[in-house]
Structure formats: C-alpha cells, structure tokens
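So the structure is just underneath, and the comments pick up after that.
Positions are given from 1 along the sequence.
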Amino acid sequence: MSSEIILAENVTKVYEAGKLQVTAVRGLSMSIAKGEFVAVVGPSGSGTSTLFYLLGGLTRATGGRVVIDGVDFATLDDGERTKLRKHRIGFVFQKFNLLPTLSAMGNIEVAYTISGRKEPMDLKYLDHLSDMLAIQGRLKHRPSELSGGEQQRVAIARALITHPAIVLADEPTGNLDTKNSDAVLHMLMRSNRELGQTTLMITHNPEAASVASRILYMRDGQIVGEEKGS
C-alpha cells in the first residue's frame with residue numbers, strides 16, 4: 001500500500017481571461033509521503049499559489065489528477081470536495097484570515113463547528129495545542145489585540161484543531177518579522193513532528209523553506225529541482 005498522501009500526476013491549470021489563456025501549472029507531477037514536511041519554493045508568478053489551491057481542492061485542475069489521502073479530486077462533486085477539505089486538510093494563510101469580531105477561542109471553535117464533526121471539541125487537545133503554540137493566555141483576545149505572530153499561531157491552532165491529515169500553509173511567515181517568522185516555523189516543525197500531520201508549505205523565502213525535510217523548487221508552472229532540507 002502506497003505511503004503517498006499527496007499525489008499530483010501531470011497536472012495542468014489553465015485560466016481564461018477573455019480570449020487569453022494563461023497556463024499557471026503545466027504538466028506538474030509530485031508526491032508527498034505521510035508525515036513529511038515539504039516546502040515548495042518559487043518566485044512570484046511561478047505557479048506556487050495555484051498549486052496550493054489545486055492541492056487544497058479549492059480549484060479544479062484543467063488536466064491531470066490530484067489525489068489526496070487516496071481520493072481523486074476529479075471524482076468528487078463540489079459538496080464532496082468541500083467535505084474532504086473540512087475533514088482532511090487544515091489551511092494556514094499568509095493573511096491569517098481570522099474573524100475580527102471573535103476571540104481567538106471563538107475563531108478556533110468556528111473552525112471546528114464548520115468541519116461538521118458531531119463529537120464535542122476535545123478540550124484536552126486544545127490545551128495541548130495552546131501550550132505548544134504558546135497562546136494559552138491569549139484565547140480570550142480578539143485578533144486586533146494580538147500581535148502578528150500571535151495571530152498566526154492562533155491560525156495554526158485553528159488549522160490543527162480538527163486533527164487534519166494534511167496541513168497546507170501558504171506563505172505563513174510572509175507578514176511577519178524575523179523573530180515571529182522563526183517562532184511560526186518552529187511551531188509548524190513541532191506540529192509536524194509531534195502530531196504526525198503531513199505539512200506542505202508554499203514560500204518565496206529559501207531560508208523559511210530550509211526547515212522542511214524536503215524542498216521542491218518551482219518555476220514556470222513546473223517542479224524544476226529538489227533537495228533535502230533540515
């Protein structure tokens with residue numbers, strides 16, 4: 001039985017803008033094993049963001065196939081894709097995307113509720129996440145009362161609270177200073193190691209990518225190189 005949890009085979013994504021067609025991803029193939037921490041590095045316009053949306057089931061491939069945890073996205077309708085995302089994938093975004101009117105705790109609770117799980121949220125697991133991410137004393141605060149690093153750590157807790165098999169992080173340090181970037185990268189490494197989630201991080205920053213166990217380099221919509229990370 002294959003250990004692959006993320007598989008892309010000859011994937012292409014073409015966007016249409018009027019009479020123009022823009023190929024953002026062209027014939028890309030890659031695989032990620034369960035438990036890996038992989039970084040994908042590429043300059044702006046290389047197709048990394050489109051790859052993030054394809055692997056997260058947020059957009060459909062024009063050609064080829066994307067298989068997540070044994071399920072081919074192409075075989076699912078929109079409702080089934082949404083359900084798979086909610087149950088198997090946790091998302092971390094550059095801009096945090098926290099709801100400003102809710103506390104940190106409220107943002108985490110909403111993510112759990114939206115996931116559709118019937119069992120109550122595991123408060124012991126939340127305590128563990130809060131301790132691991134150093135946000136224990138910040139859960140009652142709204143995003144405007146938190147630093148950028150704290151907001152991103154809350155966003156990571158929100159992504160992890162549903163026990164996803166996969167964590168997809170898109171430029172998670174893009175809006176942070178060096179100190180907070182280092183802290184967030186450490187937290188992603190720790191969650192990958194201690195909680196067993198497969199982690200894929202999109203970044204323009206080679207230094208950020210170096211914390212991953214494997215680094216893939218992307219240019220012009222294709223994977224053009226690979227090397228070991230930390």
So which heavy atom on [X] is nearest to which on [Y], and how close?
| X | Y | result |
| --- | --- | --- |
| G27 | T12 | N-OG1, 3.2 Å |
| L146 | Q151 | O-NE2, 3.4 Å |
| M187 | L133 | CB-CD2, 3.6 Å |
| P172 | L188 | CG-CD1, 3.9 Å |
| T203 | N205 | OG1-N, 2.9 Å |
| P164 | A159 | CG-O, 3.2 Å |

Pairs meeting criterion side chain to side chain donor-acceptor pair (under 3.5 Å) with involvement of residues 56-67, two or more places apart: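 Matches after skipping sequence neighbours: E9-R65, K13-T59, R60-D78.
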Residue pairs fulfilling side chain to side chain donor-acceptor pair (under 3.5 Å) with at least one residue in residues 101-116, sequence neighbours excluded: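 Every pair satisfying side chain to side chain donor-acceptor pair (under 3.5 Å) with a residue in residues 101-116: S115-R117.
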Derivation and outcome, side-chain contact (heavy atoms from CB on, under 4.5 Å), residues L126 and D122: CA-CA 6 Å; L126 176 60; D122 186 342; over 6 Å; no
Q152 side chain to N180 side chain, donor-acceptor N/O pair below 3.5 angstrom: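 No pair is found: no donor N or O on one side chain lies under 3.5 Å from an acceptor on the other.
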Residues that Y125 engages under ring-ring contact (aromatic ring centres under 6.0 Å, His included), provided they are two or more places apart: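 Residues passing ring-ring contact (aromatic ring centres under 6.0 Å, His included) with Y125: H163.
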I215: hydrophobic cluster co-members (side-chain, 4.5 Å):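 Besides I215, the hydrophobic cluster comprises V41, Y217, V224, listed by chain and residue number.
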Fellow cluster residues of V67, listed by chain then number, with links counted only when side-chain atoms sit under 4.5 Å apart: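 Besides V67, the cluster holds L7.
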Would a distance-only check, ignoring hydrogens and angles, find a side-chain to backbone donor-acceptor pair under 3.5 Å from [X] to [Y]?
| X | Y | result |
| --- | --- | --- |
| R138 | E145 | yes |
| T50 | A24 | no |
| E194 | S191 | no |

Among the clusters formed by ILVMFWY side chains lying less than 4.5 Å apart, do [X] and [Y] turn up in the same one?
| X | Y | value |
| --- | --- | --- |
| V40 | I68 | yes |
| I166 | M201 | no |
| L84 | V167 | no |
| V66 | V25 | yes |
| Y53 | V38 | yes |

Steps toward side-chain contact (heavy atoms from CB on, under 4.5 Å) verdict (L200, F37): CA-CA 6 Å; L200 184 140; F37 187 164; over 6 Å; no
How many angstroms lie between [atom1] in [X] and [atom2] in [Y], if you round to the nearest 0.5 Å?
| X | Y | atom1 | atom2 | value |
| --- | --- | --- | --- | --- |
| M105 | R158 | CE | CZ | 14.5 Å |
| K124 | H128 | NZ | NE2 | 13.5 Å |
| I114 | R85 | CD1 | CZ | 11.5 Å |
| S213 | K228 | OG | NZ | 10.0 Å |
| L139 | E150 | CG | CD | 10.5 Å |
| L51 | I202 | CG | CD1 | 5.0 Å |

Flag side-chain contact, heavy atom, 4.5 Å: V184 against L176: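 Yes - at least one pair of side-chain heavy atoms lies under 4.5 Å apart.
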Validation row: V11, M30 side chains within 4.5 angstrom (heavy atoms):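 No. Closest side-chain heavy atoms not under 4.5 Å.
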CA sep, side-chain torsions, deciding dist, call: I161, L129, side-chain contact (heavy atoms from CB on, under 4.5 Å): CA-CA 8 Å; I161 193 62; L129 287 180; 4.0 Å; yes
Please report, to 0.1 Å, the donor-acceptor pairs under 3.5 Å made by any side chain of residues 88-97, with sequence neighbours excluded.
residue: R88; atom: NH1; partner: D69; partner atom: O; Å: 3.2
residue: Q94; atom: NE2; partner: N175; partner atom: OD1; Å: 3.2

D220 atom CG, over 12 foreign heavy atoms within 6.0 Å: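 Counting other residues, nucleotides and ligands, CG of D220 stays at 12 neighbours or fewer.
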Atom CD of E207: over 12 foreign heavy atoms under 6.0 Å: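 Count not over threshold, so no.
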side-chain contact (heavy atoms from CB on, under 4.5 Å) evaluation trace for Y15 with T23: CA-CA 6 Å; Y15 293 103; T23 303; over 6 Å; no
